[in-house]
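Data block below; observations after.
All values below were derived from every heavy atom in this structure, side-chain atoms included, with hydrogens, water molecules and symmetry-related copies excluded. Order of the sequence lines sets the chain letters (A, B, ...), proteins ahead of strands, with each chain counted from 1.
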Amino acid sequence: MLEINSRYNPKEVEEKRLKLWDKMKPFHATAKKSPKGAFTIMIPPPNVTGVLHMGHALNNTLQDILTRYKRMKGFDALWMPGTDHAGIATQNVVEKQIAKDGLTRDSLGREKFMERLWEWKKQNGDTIINQLHKLGSSCDWDRTRFTMDDNYSEAVKEVFVELYKRGLIYQGNYIINWCTRCETALSDEEAEHKDNNGNLWHIKYLFKDNPEEFVVVATTRPETMLGDTAVAVNPADERYTHLVGKTLILPLVNREIKIIADDMVDREFGSGAVKVTPAHDPNDFATARRHNLEFINIMHPNGLLNKNAGAFDGLDRFEARKRIVQALKEKGLLLKIDSHAHAIRRCYRCDTVVEPYLSKQWFVKMKPLADKAHAAFKMGKPRIQPKRWEKVYENWLVDIRDWCISRQIWWGHRIPVWYDTEGNPFVAKNEEEAKAQAKAKHGKDVPLKQDPDVLDTWFSSWLWPFATLGWPKENGDLKYFYPTATLFTAPEIIFFWVARMVMAGIEFMGEVPFEDVVLHGTVRDAKGRKMSKSLGNAIDPLEIIEEYGADALRFSMILNSGQDIYISKDKFEIGRNFANKLWNASRLVMMNTSPENRKADWNALHVIDLDITSRWILSRYQVALTEVSKAIEQYRYSEGINILYDFFWSTYCDWYLEMIKGKFADPATQQVASLVLRGVLKMLHPFVPFVTEEIYSQFKDQEIILTTEPWPVVEDEWRDKEADMAVGALIDITTGIRNIRAQWNIKPQDEVDCSFFAPSEKGLALLKANADIIKKLVRLGTLSFEIKERSVKNAASGIAGEIRYFIPLGGLIDLDKEKIRLQELITQQEKTASSIDARLSNEGFVKKAPPDVIDKERARMDDLRAKNSDLKKALASLV
RNA sequence: GGACGGUUAGCUCAGUUGGUUAGAGCAGUUGAUUUACAUUCAACAGGUCGUAGGUUCGAGCCCUACACCGUCCACCA
């Protein structure tokens, strides 16, 4: 195939490799197979909300690169795949879906609705796994997990019950973030702040005993006044101190409320007097508790006002706002309206304005968990890259607030709590245990009802690193593969997920679940906008795979990955072209080498037999290998692939292959060309697994699973300074001659008659006539010419073919310019050295400066002087 | 309001402790073809490194201020 097709066909090859991988299962990890130990990566489980997008493609490519690399390095590499049920998100999607048929979750009923959800999960979960698969992900597919698998649910229950026993889970009536559309509680993280241009309404509250006098309160949410039970002022505010304890009449409602004094009031804001609505504002809630105020809930869970709203009963909260403002205006109680920009919280799933709402929910007490995580972090666990996120992470741990974990939805893990008729909760892993507890309490069997609510999605996700390995059951895998090595994820979920996984890991496994956290950027379109369905700028990874191939997708993605990644469809051409280049270079080598030479190993090579070109490419190869390995270890994949791209395309193809084109008869050349190419294929394999494995197999005349082949070993003895310099000089000169040709304006049509490269009498004469100029441009050594009678197909590369044997050393330098430059540099450095010298002999400085500074300065001075002596030699050699 | 990041060629980005002439890819221009590859090759052109100061023999890199863009956090009604 390689020899026949001059165009790489990704579709055909990728299908073939996938089939083979499915059959051979090379990605299956077994505990204790390798002496090197385990290397584990847990996939951030994609939500079953939808199918994979480009962000996932990036995230999973990063994971795959490292997993494949470590596997080749000899580790028992496990990459655990799976999906997340994504509670509210998925439920919302399915609700929208059934809404098309005029159905709601209530009309369908819990059981039927759950069936629809499971259908959706089955369909999307499969699609996601299939997409991951097509991307070339080397996941251990047999271990695929879902956050609502039966045994995973066991882990969730175990954790809930255990935390309850440890006093870290409690139930309470608090102001929480309430989404009136989803009709569920949200955690603080799920209620996102978004800027909003609202108004600040200034309302007059009249005194009961003197309706001529009033207090002005300012509010951004006038409708909540219906639930006011006090007006608060700062106790130190002279304007109001004499009024504290007086009674006001709440407008529109005509309820009597008192003026109270509380420190929470900011004297500078608004009028300095603030209405207190305990049931609809977290601040007011706290104030009310301090002052034993009444809590008046004015709203139904769906955002419509309830009978406590009196005349406004049944209105939507925003409609009520309008009407109330209108009513106040009519009564002359609205003093003024200021425009006021401030942030309001919105539901992270449906963007509905979140209502602070008083309700009974379950919470996790976070402080003890966060303190442990913080202590671990101070020990460097986990490390976070890029480093700047460390502070963000740490701040969150320090400023932790309790986590509201109950959700009034159906899709998720049912809260493992049962209530008796009096409402006493029994926390247990199953109903039997709960019944037993209830019996113990009441002395007889009593009817129990399970909590209708489910747990926050993240309450299951935070167990992912160990629940996927079978916890709470002890087994060899859990011990062997936990903790994991690296977590690749997006910065958005550092609090939602990363921090909480650390807490759960410490609490239940006694160890932080991963060593490194690598936070990568967001995939955006060419204009820098986030890719989203609603904007219509999303690129479907499957479409790219179909058109350009998965290798091209991966290659281009990584090549473009800086902080955020700006991607447009044409970016994938470079990946496709690269795969094709790889294919064709391999064809060239394939067609010019014998099977034996192709398979030759390092020990078949003897440096004495090798010409300078071979020694050079082997040397460059070693450098590339060292650098690429280092880049991968340091998570600098973009740099790694750049090194490979440059080495393979520029060095190997454009120079090396062109140089050896006439020399393929030499067995050593065949061996070197093959050896280096095979090494390149191995190094590229983590990045572009399909094409590399296909070519590698054809090279070896057998099916090779490249993923289980060993990573190339750095052989330092093949570093060859002499060859590097010699060929480096040759390349300089060749490039120089190309430049000269351009400068002299030698057109290709002229070359037919008088070219250097297809020599004729005329060409030879031209070359000789200009020998002095060329010589002048060459530093160190003499350029000699010998024009061979040889037709050269490609003039550009022909230059290299012709003169390479005759240039021992040197480079292209303008002699005069070079002299001046060197002289300047020497002068400058001598100046520095002298100034340091002076400083070092200054007694005051020596006394004051710490010893390491003095050592450093002295070393710097010596270094400069040494460098200068080298430079002087170089200058002398030019003259 | 707080914290952080970015600003380098038309575009997307490298530039690791300050050190020779700031680099790539794409796009552009000009050329090449009995070719492994036109998904190719070569050459050219394109930069006051956001602005203003400072430290230094020397600054894209260090310091200060400012501007613009972006991200995260945040119970001022």
Side-chain angles (χ1 to χ4, degrees), chain A residues 2-3 6-8 175 188 193 200 217-221 224 232 264-266 268-271 273-277 281-286 340 342-343 345 356 386 388-389 391-392 395-396 399 401 491-492 494-495 521-522 526 528 548 552 559-568 570-571 573-592 634 636 638-639 642 645-646 650 653-654 657-658 661 735 738-739 741-743 747-749 751 791 793-797 799 814 817-818 821-822 824-825 827-836 864 867 871:
Chain A
L2 195 56
E3 291 180 72
S6 68
R7 195 157 284 203
Y8 174 59
I175 295 274
D188 287 326
H193 284 94
L200 194 57
V217 301
T219 179
T220 54
R221 293 188 298 150
T224 61
M264 74 95 169
V265 179
D266 177 358
E268 306 302 318
F269 190 89
S271 61
V274 54
K275 59 196 265 315
V276 180
T277 321
D281 183 277
N283 261 329
D284 296 359
F285 176 79
H340 180 65
H342 67 295
R345 300 192 105 156
R388 65 186 133 98
W389 289 103
K391 216 168 153 186
V392 176
N395 285 344
W396 190 76
D399 267 342
R401 275 172 297 158
E492 291 102 86
I494 188 164
F495 309 130
T522 311
Y548 298 93
L559 196 66
N560 278 296
S561 65
Q563 296 197 4
D564 278 353
I565 300 179
Y566 299 81
I567 223 97
S568 53
D570 55 324
K571 289 263 164 73
E573 283 176 14
I574 190 162
R576 178 198 59 188
N577 296 359
F578 184 77
N580 189 60
K581 185 76 179 174
L582 204 54
W583 183 258
N584 277 296
S586 305
R587 285 181 67 216
L588 176 73
V589 176
M590 200 61 174
M591 290 187 291
N592 288 291
Q634 298 178 350
R636 292 177 290 120
S638 164
E639 195 180 325
N642 260 299
Y645 181 83
D646 189 60
S650 311
C653 293
D654 291 348
L657 286 183
E658 293 302 334
K661 267 182 181 167
T735 311
R738 285 174 187 165
N739 287 340
R741 191 183 58 168
Q743 275 171 30
K747 297 266 185 240
Q749 55 268 34
E751 283 179 355
S791 83
K793 286 174 183 170
N794 186 334
S797 51
I799 305 167
D814 182 325
K817 248 177 146 181
E818 175 72 1
R821 195 185 59 75
L822 277 177
E824 274 174 1
L825 192 63
T827 315
Q828 216 176 48
Q829 291 195 346
E830 184 49 44
K831 239 184 183 170
T832 317
S834 308
S835 79
I836 296 172
L864 281 169
K867 263 193 203 159
L871 287 177

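- Pair assignment for B:C26: B:G10, on the basis of Watson-Crick or G-U wobble contacts that are both within less than 3.5 Å.
- The structure places CZ of A:R576 at 8.0 Å from CZ of A:R7, a figure rounded to the nearest 0.5 Å.
- Annotation: side chain of A:L559 is not in contact with side chain of A:K571 (no heavy-atom distance under 4.5 Å).
- Pairing partner, B:A59: none, since no Watson-Crick or wobble contact has both distances short of 3.5 Å.
- Nucleotide B:C41 has B:G31 as its partner under the Watson-Crick or G-U criteria, with both atom distances under 3.5 Å.
- At whole-Å resolution of the value, CD in A:E639 and C1' in B:U12 are 17 Å apart.
- For the OP1/OP2 pair of B:U39 and a distance below 4.0 Å, the side-chain nitrogens and oxygens of A:R576 include no atom meeting the criterion.
- A gap of 15 Å separates the C1' atoms of B:G5 and B:G50, to the nearest Å.
- Remark: side-chain polar atoms of A:R345 are paired, donor with acceptor, to backbone N or O of A:D188 under 3.5 angstrom.
- Annotation: of the two residues near RNA chain B, A:M591 and A:E573, the 5′-most nearest-nucleotide partner is A:E573.
- With a 4.5 Å cut-off on side-chain heavy atoms, A:L588 and A:L657 count as touching.
- A 4.5 Å side-chain heavy-atom check between A:W396 and A:I494 finds every atom pair outside the cut-off.
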So A:D281 and A:R221, side-chain contact (heavy atoms from CB on, under 4.5 Å) or not? Walk me through it. CA-CA 10 Å; A:D281 183 277; A:R221 293 188 298 150; 3.7 Å; yes
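- If you take CZ of A:R587 and P of B:U40, they are 15 Å apart, rounded to a whole angstrom.
- The nucleotide B:U17 finds no pairing partner, because no Watson-Crick or G-U wobble arrangement with both distances shorter than 3.5 Å includes it.
- Remark: the separation of the C1' atoms in B:A14 and B:A24 is 7 Å, to the nearest Å.
- Atom pair A:N584:CG and B:A36:C1' shows a separation of 5 Å (rounding to whole Å applied).
- Here, B:C57 and B:G18 have their C1' atoms 12 Å apart, quoted to the whole Å.
- Regarding contacts with the backbone of B:C4, a side-chain N or O of A:K391 is found under 4.0 angstrom from either OP1 or OP2.
- For the P atom pair drawn from B:C68 and B:A27, the interatomic distance equals 35 Å after rounding to whole Å.
- Of the C1' atoms belonging to B:A74 and B:A59, the separation is 38 Å, rounded to the nearest Å.
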Contact letters for nucleotides 70-77 of chain B, in which S counts primed atoms plus P, OP1 and OP2 and B counts the base, heavy atoms under 4.0 Å: -SSSBBBB
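- Going from atom CG of A:L559 over to atom P of B:C26 covers 10 Å, rounded to whole Å.
- Using bins of under 30°, 30° to 60° and over 60° for the plane-to-plane angle, the ring pair A:Y8/A:W583 lands in the tilted bin.
- Straight-line distance between the P atoms of B:A32 and B:U51: roughly 41 Å, to the nearest whole Å.
- For A:N642 (side chain) and A:S638 (main-chain N/O), a donor-acceptor pair under 3.5 Å exists by modelled atom type.
- Here the C1' atom of nucleotide B:C11 and the CD1 atom of A:I574 are 14 Å apart, to the nearest Å.
- The pair A:D284-A:K275 does not count as a salt bridge, with every side-chain nitrogen at least 4.0 angstrom from each carboxylate oxygen.
- Across every strand in view, B:C66 sits in a pair with B:G50 that passes the Watson-Crick or G-U test at under 3.5 angstrom.
- Only the P atoms considered, B:C72 is 33 Å distant from B:G60, to the nearest whole Å.
- Spacing between atom CG of A:L588 and atom P of B:A36 amounts to 6 Å, rounded to whole angstrom units.
- Between the P atom of B:A24 and the OH atom of A:Y645 lies a distance of 13 Å, rounded to the nearest Å.
- Here, B:G54 and B:C26 have their C1' atoms 38 Å apart, quoted to the whole Å.
- Pair check for B:U71 finds B:A3; Watson-Crick or G-U wobble, both atom distances under 3.5 Å.
- A straight line from CZ of A:R7 to C1' of B:U39 spans 6 Å, rounded to a whole angstrom.
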